[in-house]
Each structure stands twice: as C-alpha cells, then as structure tokens.
Colleague: 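Okay, handing you the structure first.
Heavy atoms only: backbone and side chains are in, while hydrogens, waters and symmetry mates are out. As the structure lists them, so they are numbered: ligands from 1, and atoms in each ligand from 1.
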Amino acid sequence: MTKHCFLPAFAAFLLFTVSCEESLKFDVDLSKEGAPIQETMYGIFFEDINFAADGGLYAELVKNRSFEFPDDALQGWKAFGKVEVKNDGPFARNPHYVRLSDPMHPHKWTGLDNEGFFGIGVKEGEQYRFSVWARVPSGGSSDLRVEIVNTASMGENHFLCQQDLKVTGKDWTKYQVVLTPDATLEKAVLRIFLTGDRETVDLEHVSLFPVDTWMGHENGMRKDLAQALADLHPGIFRFPGGCIVEGTDLDTRYNWKNSVGPVENRPLNENRWEYTFPYRFYPDYYQSYGLGFYEFFLLSEEIGSEPLPILSCGLACQFQNDNPSAHVPVNELQPYIQDALDLIEFANGPVTSTWGKVRADMGHPEPFNLKYIGIGNEQWDQLYPDHLVPFVDAIRKAYPEIKIVGSSGPDSEGKQFDFLWPEMKKIGADLVDEHFYRPYEWFLSQGARYDNYDREGPKVFAGEYACHAKGKKWNHYYASLLEAAFMTGIERNADVVHMATYAPLFAHVEGWQWRPDLIWYDNLRSFRTVSWHVQQLYGQYRGKNTLTLTMDGKNVTGAEGQQGLFASAVADGDKVYVKVVNTSEEAKSIELSFGGVSVSGVSSVKLSSDKLDEDNTLDVPDNIVPVTESLGGKGTSIKVKVEPLSFRIYIFEK
Ligand code: AHR
C-alpha cells in the first residue's frame with residue numbers, strides 16, 4: 001500500500017512536509033443505511049466494588065450509621081465517655097443503637113466521632129444535612145452538640161462548624177440540622193456529644209449528607225459522580241453487578257428486597273469485595289443498601305438509561321463454591337423466581353399491586369417501564385441452564401414483553417463460552433452477556449469478533465470488558481486506545497451487539513480492589529479516565545444506523561495488512577460519523593471516499609497522546625482528553641491524516 005518514492009537529494013529536507021505515502025482508501029457506502037444502532041448500545045455497569053456505593057456514588061458520609069457492622073457495632077466510630085450499644089431499637093432489621101449517658105464528672109464528655117469513608121470530605125460554605133433518630137428514655141429532654149471537626153487543626157477550634165440539637169420525649173423521632181463548614185477538608189470527622197444537663201439519650205441511624213446532591217434528593221447521590229454518568233449519555237444501566245449479584249454464599253447475594261423501603265430499615269449486607277482479594281483487604285466494607293433498587297431505577301430514569309437489573313439465579317459465586325450444596329436445588333428455586341417476578345412488579349406494577357405500592361410509597365407512583373432483566377452473572381456448567389430455564393418460563397408467562405439476558409460465563413471464549421452460547425440459544429435468551437477483561441493482544445485481534453456471529457440468535461450484551469495489560473493493570477492511554485479500536489467492531493455489528501458496558505465503573509483512590517476503572521475519586525474530587533472519554537465519544541457519536549466502510553473491499557478490523565487500522569461509520573440523519581483508530585506508530589493518510597455522494601467536513605474529534613502509560617489523575621484531570629477541531633473540505637472524497645496511536649471521529653454532513 002505504501003509507495004516508496006525517490007526524492008532528489010536537494011528535496012530531501014521536504015520529507016517532513018511532503019508525504020510520499022499514497023493514501024489508504026476507505027470506502028464509505030452512503031447509498032444504503034444498515035442496521036439500527038440500539039439506543040441501549042453504550043451504557044454503564046455499576047457494581048459496589050472499589051467503594052462504588054457507600055463511600056462513592058451514594059452521598060452518605062457516615063460509615064456504619066446504623067451500628068450494625070457485625071464484627072463491632074462501633075466500627076468506624078470512636079466512643080468517649082459513657083456510650084452503650086443496645087439492640088432493641090425501632091428498626092427491626094437494624095436493631096442496634098447507642099445510648100449516651102452522663103459521664104458523671106462535670107469536666108468529662110460523652111459522645112462519638114465517626115471517621116467516614118477514608119475521612120469525611122466537606123467543602124467550605126456547602127451545606128450538610130445531619131439527621132438522627134433519637135429519644136430520651138426518661139421522657140425529658142437532652143441536649144446534643146453536632147460538629148464537623150478537623151482533629152489535626154492547629155487553630156483554637158477543632159470544629160469547622162457546629163449546631164445544637166435538643167431531643168425531647170420518649171418516642172423515637174427523626175431530628176435534623178444543617179451544618180456549614182468554614183473550611184474545606186478531605187478528612188474531617190463527625191462529632192456528636194452530650195451537653196446541657198447531660199440527660200441520657202438514645203441515637204440511631206446517624207446520617208450526614210451534602211444538601212447539594214444529584215437532583216437534590218435527600219437520600220441522594222454524589223453530584224460530580226452522577227454527573228459523570230449522565231455525561232456518558234448511557235443507553236443502558238446494569239446494576240448491581242457483577243459477582244455481588246451471586247454472593248460468596250447465597251446468604252450474602254444481593255437481595256433486592258432488602259434494598260427498598262425506608263433506608264433506616266434496610267439491613268446491612270456483607271460486601272464480598274471486602275475480602276475477595278486478601279492483598280487488598282478492607283475489613284470495613286459493607287453494603288448499607290442505601291443506594292438500592294429504587295435509587296437505581298430513579299437514577300436510570302434521570303440520566304436517560306434503560307435499567308438492566310441482574311438477579312441471582314440461585315447459584316452462589318461459582319469461583320468460590322465447588323460444592324453443589326452451596327447452590328439452590330432447581331426444585332427449590334421458587335423464592336428466587338418470585339424475587340425476579342416481584343422486581344418486575346416493583347418497577348412496572350400498578351400502585352395497587354403489592355410491590356407497585358412499595359414503589360409508589362417511596363415516591364414514584366408512575367412505573368419505571370423496565371424492559372430488561374438479567375438472570376445470573378458469571379455462571380457456568382450445566383448447572384446454569386438448569387437454573388435459568390424455570391426463570392425464563394415464569395418470566396415469559398407473567399411478563400412476555402420483558403427481554404431476558406442470559407450469561408456466557410466468565411470468559412470471552414473457551415469451554416464454558418462454547419457450551420453456554422448454544423444453551424442460551426436453545427433456551428431463547430434475548431441477549432447473552434459476554435465478559436472480557438483481556439490483554440493488548442486480545443483487543444488487537446478482536447476487531448472482527450462479531451462479523452461472523454449468528455444473525456438469527458440472541459443478541460450480544462458485552463456486559464463487562466476492559467483492556468487489562470499484562471504487568472500494567474492500571475488505567476493508561478494505550479489500553480483505552482485499544483478499547484476504542486475494539487469498539488469499532490461492536491459498532492459495525494450493531495445488528496448483533498445491542499449493549500456494551502465497560503467495567504468496573506467506579507473506584508475510590510483509597511479503597512479499590514480492582515483496576516482499571518472508568519471513574520476515580522477521593523472524598524472531594526473525581527476524574528474521568530481516558531477510557532471514560534472513549535465511552536463518552538461512542539455514546540455521543542452513536543449515530544442511528546450503521547454504514548458499510550471498507551478498505552480494498554474488506555472491513556477495517558486491524559487484520560493483517562491493514563496497518564493497525566480499525567474503522568467504522570454510522571449515519572445520524574444528515575450526519576455521517578467515521579471512527580478511525582490508528583494503533584500503529586506511524587501517521588496514516590486516508591482518503592475517505594463516499595461513493596459519489598458529496599459531503600462536507602464539519603469537525604473532527606481527536607484523542608491522541610504519546611503518554612502511552614499515563615492517564616488522567618485527580619491532580620491533572622485533563623492530562624489526556626479529546627480535542628475538537630474544525631474539518632474543512634467538501635466533495636465525494638476527503639483526505640485526512642490520522643496521527644500515530646490515536647482515535648479520530650470525523651463528522652460530515654451530507
Ligand atoms: O467487574 C469486576 C468483576 O469481574 C465482576 O464482579 C465479575 O462479574 C467479573 O468477574
């Protein structure tokens with residue numbers, strides 16, 4: 001393809017400016033639009049891993065707010081003076097609470113500090129809503145002081161703000177005050193202590209939220225993180241995982257019914273990511289379920305995504321359980337099947353139905369219009385189809401309109417994958433979930449992965465994927481570039497691939513178990529990785545229909561002889577988006593030819609960097625970000641130059 005030319009010696013200096021390379025020619029066929037690109041195509045995968053929920057997206061700042069952490073009811077708290085833990089509280093599923101009494105010396109204090117999740121992040125001048133359920137056993141009244149404290153302060157006062165709160169009467173009542181810190185601090189402490197005449201008081205469900213959450217919800221989400229989701233324009237929102245769906249054992253599986261209703265009464269669940277990797281062990285990682293299924297459906301609606309819940313199929317995590325007795329026998333699956341049916345009722349049922357009423361009581365009488373449900377996560381062997389069939393039968397019977405997602409196991413190919421795909425076809429799953437956390441070579445070799453998939457079978461949900469470089473398992477530009485390259489193949493095969501979600505989504509810089517991840521944060525700041533930008537660009541330039549794009553009559557898939565190029569094209573009304581990923585180290589001149597149709601160049605988005613091992617960071621969040629340039633030219637073919645190791649989107653108008 002490259003034409004070598006001989007330059008006279010005197011012209012050699014022109015080498016940098018005069019290209020001797022013949023342009024490669026990409027033919028984009030505008031005469032015929034192909035398959036529609038599903039609105040669900042690019043989406044998000046949420047799992048409570050890496051402190052993604054409590055300590056992350058869920059804006060609650062208090063850890064162990066209900067005093068239910070099983071190893072120590074006061075984990076996350078520092079008690080001083082006379083503090084007792086009691087367990088006959090007002091919320092049946094969270095029975096523990098604390099009793100604060102007079103320390104019996106006028107110069108001593110009784111109270112509690114909460115350390116938050118890696119500290120409590122607060123911003124100067126912002127409002128924080130403190131709330132607590134409380135009562136005074138004697139029936140009298142008791143005075144509390146609530147402070148946000150900088151314990152390392154060199155100033156006269158440790159506190160950044162304080163408020164007094166009077167608790168009155170024997171009945172459990174919810175109290176709240178708003179605190180406004182006078183300084184910004186990443187690692188503050190919440191302090192509550194008895195003042196006044198130190199009358200004994202009982203406290204339960206101690207909570208602190210920023211007032212300014214996403215959409216202002218009281219039980220809300222951290223605004224910058226929810227915004228980072230909304231900005232992806234995600235078409236599909238998978239929740240709550242991941243392995244967390246299955247549980248290390250069935251008792252610790254994600255039980256959606258425990259995640260709805262008043263937050264005070266949602267029972268704590270173990271988080272398997274606390275201990276899954278002993279080399280990154282977090283003994284204080286639990287799920288409060290404060291971000292539960294109602295919040296998931298609401299957030300999906302608010303960011304314009306279709307919700308995709310994944311539920312347990314009665315198999316505990318198969319990585320962690322060889323013993324068949326860890327799983328539910330098929331003939332005892334009914335409660336699990338009922339959970340799935342009830343979830344659909346919770347999302348879509350009328351307010352007069354049992355679960356529709358729970359939804360309505362939580363503030364959303366209108367249905368959430370759920371269309372998809374996944375049963376099982378990374379399951380395998382005959383056990384999985386055996387468990388899936390009764391779910392499919394029951395869901396089809398009760399809700400024939402709901403599309404069901406099955407699984408092809410944990411691998412992108414191999415024994416389980418080859419076994420499960422035909423099984424999913426037999427069972428009639430609407431979509432099949434594929435997972436691939438794979439190295440560079442895999443991503444470079446998979447540009448044509450879906451070109452020969454069965455067009456009649458279930459559709460593909462690429463439900464978890466990310467480029468995991470060997471020996472470099474962290475976010476970096478080159479890995480993201482290969483994800484962009486791979487995604488051209490997803491886009492070209494939009495008739496087969498209906499959904500794709502990068503995974504995992506979130507990670508706290510001090511609390512991660514797994515990387516790379518899409519969005520990182522500490523207690524105050526966050527940043528969007530290069531992979532986030534890749535996802536965002538695909539979401540923004542999704543288009544409506546595929547277009548055929550070829551080089552020498554072949555799809556551009558990074559195949560041998562294609563010089564490390566991957567490409568795809570889509571139509572969006574009068575607009576045409578051509579995506580090109582150059583994974584080679586040389587710039588490429590490409591002539592984009594539109595089959596005799598005249599187009600004009602509008603703009604081009606460039607994602608390019610020579611910092612292959614780097615990504616964005618909390619300190620430099622825009623280290624590597626896309627740049628939009630204007631794109632001139634008009635005609636039936638337009639020449640472009642694609643930089644080495646770069647991702648380009650060219651936008652044309654017909
Ligand atoms: O995304 C992290 C984990 O990877 C998921 O929980 C699981 O499904 C996969 O193995």
Colleague: Tell me if the aromatic rings of Trp512 and Phe51 count as close, with their centers under 6.0 Å from one another.
Modeller: no
Colleague: Would you say that Glu186 contacts Asp522 through its side chain, given a criterion of any heavy-atom pair below 4.5 Å between the two side chains?
Modeller: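 Yes, close enough: below the 4.5 Å cut-off.
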Colleague: Establish, from distance only, whether the side-chain atoms of Asn323 and Ser325 form a donor-acceptor pair under 3.5 Å.
Modeller: yes
Colleague: Has Lys611 got more than 12 heavy atoms of other residues, nucleotides or ligands less than 6.0 Å from its NZ?
Modeller: yes
Colleague: Salt bridge check, Arg272 against Asp249: does any charged N sit closer than 4.0 Å to a carboxylate O?
Modeller: no
Colleague: Give the atoms of ligand 1, by number and element, whose distance to some non-hydrogen atom of Gly242 is under 4.0 Å.
Modeller: 5 (C), 6 (O), 8 (O)
Colleague: Which protein non-hydrogen atom lies closest to atom 8 (O) of ligand 1, naming both residue and atom, and how far is it?
Modeller: Glu464 OE2, 2.7 Å
Colleague: Would Pro504 count as a contact of ligand 1 if the rule is a heavy atom under 4.0 Å away?
Modeller: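 Checking ligand 1 against Pro504, which is what was asked, there is a heavy-atom contact under 4.0 Å.
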Colleague: Provide, to 0.1 Å, the distance between atom 6 (O) of ligand 1 and the closest protein heavy atom, together with that atom's residue and name.
Modeller: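 Residue, atom and distance for the closest contact: Glu47 OE1, 2.6 Å.
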Colleague: So, Glu401 and Lys371, do they make that salt bridge, N to O below 4.0 Å?
Modeller: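 Salt bridge between Glu401 and Lys371, a charged N being under 4.0 Å from a carboxylate O: no.
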Colleague: Do Cys243 and ligand 1 have an N or O pair less than 3.5 Å apart?
Modeller: yes
Colleague: Only heavy atoms of Trp514, strictly under 4.0 Å: list the atoms of ligand 1 that pass.
Modeller: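 Near Trp514, the atoms of ligand 1 are 2 (C), 3 (C), 4 (O).
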Colleague: Using a 4.0 Å cutoff against the non-hydrogen atoms of Trp273, which atoms of ligand 1 qualify?
Modeller: 6 (O)
Colleague: What is the nearest protein non-hydrogen atom to atom 10 (O) of ligand 1, stated with its residue, atom name and distance?
Modeller: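 Atom 10 (O) of ligand 1 sits closest to the protein heavy atom Glu378 OE1, 2.8 Å.
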Colleague: Taking the minimum heavy-atom distance to atom 1 (O) of ligand 1, which of Tyr502, Tyr465, Tyr437 ranks first?
Modeller: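 Among Tyr502, Tyr465, Tyr437, the closest heavy atom to atom 1 (O) of ligand 1 comes from Tyr437.
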Colleague: Can you spot which of Tyr275, Phe281, Trp273 makes a ring pair (Phe, Tyr, Trp, His ring centres under 6.0 Å) with Phe277?
Modeller: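 Exactly one candidate clears the test, Trp273.
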Colleague: Give the atom numbers and elements of ligand 1 that come within less than 4.0 Å of a heavy atom of Asn377.
Modeller: 7 (C), 8 (O)
